[in-house]
Number of protein chains: 2
Amino acid sequence: MSDLLERLRGRGWRMTAQRRVVAEVLAGDHVHLTADEVHARAVAKLPEISRATVYNTLGELVSLGEVLEVSTDKRAKRYDPNAHRPHHHLVCAQCGAIRDVHPTGNPMADLPDSERFGFTVSDVEVTYRGVCPNCAKA
Amino acid sequence: MSDLLERLRGRGWRMTAQRRVVAEVLAGDHVHLTADEVHARAVAKLPEISRATVYNTLGELVSLGEVLEVSTDKRAKRYDPNAHRPHHHLVCAQCGAIRDVHPTGNPMADLPDSERFGFTVSDVEVTYRGVCPNCAKA
DNA sequence: GGCTTGACTTGGACAAAGTCCAGGATAGGA
DNA sequence: TCCTATCCTGGACTTTGTCCAAGTCAAGCC
Ligand SMILES: [Mn+2]
Ligand SMILES: [Mn+2]
Ligand SMILES: [Zn+2]
Ligand SMILES: [Zn+2]
C-alpha cells in the first residue's frame, strides 16, 4: 500500500522502517490480523521491531482512520486495512476465518425510533457467523 | 430469577450459595455485566465468593444456554441473562451503556449467495453504536 | 438427624492481550 | 553535517481469563 504511505507522509508522519513494515503486513484483501500476528509477520521482515511499536503504530493507524479495529473474535482485537469501503464480516465459528461482505439493505433503517431510547445512532456493525467450506468438509 | 434457579435444579445443578448469588446479580432487563462486575456485585452479597467460581458459573450458564456472552465491548466479555428472546444491541460509544433492541427486518436475508463464499451462515449479530441521551446533554 | 461422596469452591499461580515509561536511536529539516 | 523532536525499544505492569490441588459442602441414603 504505497498510497497509504503517501497519505501518511502527507499527514506529517516520519517514515521509519518499522512503520513501513507494519503497512506492508497489512496490505491485501480480507486481512484481519491480531496485533500479535502483525508483530510476528513484521519480525520476519525486520527482526528487531518491538511489540510496543506494533501496538503504537496500529493505534495510530486506527485513530487516523486508515485501519479499522474489529472484534469479531472474543479474544484479541483485529486490524483491518479495508477502512475506505464500508463493509461487514462473515466469520467461521470453527476456524475463525473472516471475509469482508457487503449485505444489501440498510440495517440502520431497521431500528425504529421506539427502539432507540433517545440515542443518536451513528453506526451499525453486522457480523454473520457460520461454517466455512473448508471446515464443513472436514 | 427463581425460574432460572428452577430450571437449573431440573438440570441436576447443586444449589450453592455462590450460584444463587450469581443468578441474583444477573436478574433484570438490559443487564450486560462483565465477569468482574458480576464478581464485585456478588462479593457485596457473599464476601467470600471467589473470582474462579464466578467465571466457572458464568461459563456453565452460557453452555446451558441460560446466559449469552456478548462482545460489544472491545475489552471484556459481557454476560446477558436475556437469552430467551433474540435481540441485538445499542451501545453508547461514550459511556458504554447497552440497551437491548429489536430491529425490524431480517439481516440474514440481506446477505446474497454471492457474498457467502460457500459458508453455511447460521447466525447474525447486529450492534448499533451512538451516543446515549445522558452523554449527549453532558 | 448423621454419614458419605462426588460435585463444588477457593486462592494462587499462570497465560494472553494490551499499556506505559525511561532511555537510546534516528528521520528529516536547517 | 548537525540538531532535535519524534520515534523505538525492552521490560515492568495491568487486565482479563484459565487452571489446578486441596479443602468444603449439598443432597441422597440410612
Ligand atoms: Mn474487514
Ligand atoms: Mn442483551
Ligand atoms: Zn472454518
Ligand atoms: Zn452514554
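Each chain gets a letter, A, B and so on, in the order its sequence line appears, and its residues count up from 1.
- The CD-P distance, from E37(B) to dT15(D), rounds to 14 Å in whole Å.
- Taking the nucleotide of DNA chain C with the nearest heavy atom to each of V54(B) and K77(A), the more 5' of the two is matched to V54(B).
- Between the side chains of H87(A) and D80(A), at least one donor N or O lies within less than 3.5 Å of an accepting N or O.
- The nearest whole Å value for the distance from the CG atom in D73(B) to the C1' atom in dA17(C) is 14 Å.
- Rounded to an integer number of Å, the gap from NE2 of H39(A) to P of dG11(D) is 12 Å.
- Contact annotation: side chain of R75(A) to base of dA17(C), donor-acceptor pair absent below 3.5 Å.
- Checked by atom type, the side-chain pair D73(A)/H32(A) shows no donor-acceptor distance below 3.5 Å.
- Each of K74(A) and T57(A) was matched to the nucleotide of DNA chain D holding its nearest heavy atom; the match closer to the 5' end belongs to T57(A).
- Side-chain nitrogen and oxygen atoms of Y55(A) include none within less than 4.0 Å of the OP1 or OP2 phosphate oxygen of dT19(C).
- As rounded to whole Å, 8 Å separates atom P of dC8(C) from atom CH2 of W13(B).
- M15(B) places its CE atom 12 Å from the P atom of dG28(D), with the value rounded to the nearest Å.
- Between Y79(B) and R9(B), the one whose closest nucleotide on DNA chain D sits nearer the 5' end is Y79(B).
- For T16(A) and dT6(D), the shortest distance from a side-chain N or O to OP1 or OP2 is not below 4.0 Å.
- Among V21(A), T16(A), V22(A), the one residue that satisfies the side-chain contact (heavy atoms from CB on, under 4.5 Å) test with R19(A) is T16(A).
- Neither side chain, H89(B) nor E125(B), offers a donor N or O lying under 3.5 Å from an acceptor on the other.
- Distances were taken from every side-chain heavy atom of R14(A) (C-beta onward) to each of dT6(D), dA27(D), dG17(D); the shortest belongs to dT6(D).
- Within the 4.0 angstrom heavy-atom criterion, base atoms lie near R51(B).
- No side-chain donor from either of H30(B) and N82(B) sits under 3.5 Å from a side-chain acceptor of the other.
- Applying the 4.0 Å criterion to OP1 and OP2 of dT9(D), one finds that Q18(A) has a side-chain N or O inside that range.
- Under 4.0 Å is where a charged nitrogen must lie from a carboxylate oxygen, and between R51(A) and D36(A) at least one such pair does.
- Regarding E48(B), its CD atom lies at a distance of 19 Å from the P atom of dG23(D), rounded to whole Å.
- In this structure, A52(B) reaches the bases: a heavy-atom distance under 4.0 Å links it to at least one base atom across the strands shown.
- In this entry the distance linking CD1 of I49(A) with P of dT26(C) reads 14 Å, nearest Å.
- An OP1 or OP2 oxygen of dT10(C) is reached within less than 4.0 angstrom by a side-chain nitrogen or oxygen of T53(B).
- At whole-Å resolution of the value, CD in E60(A) and C1' in dC8(D) are 11 Å apart.
- Positionally, the nearest nucleotide of DNA chain C for N56(B) lies more toward the 5' end than for the other of N56(B) and T34(A).
- For the OP1/OP2 pair of dC7(D) and a distance below 4.0 Å, the side-chain nitrogens and oxygens of R19(A) include at least one atom meeting the criterion.
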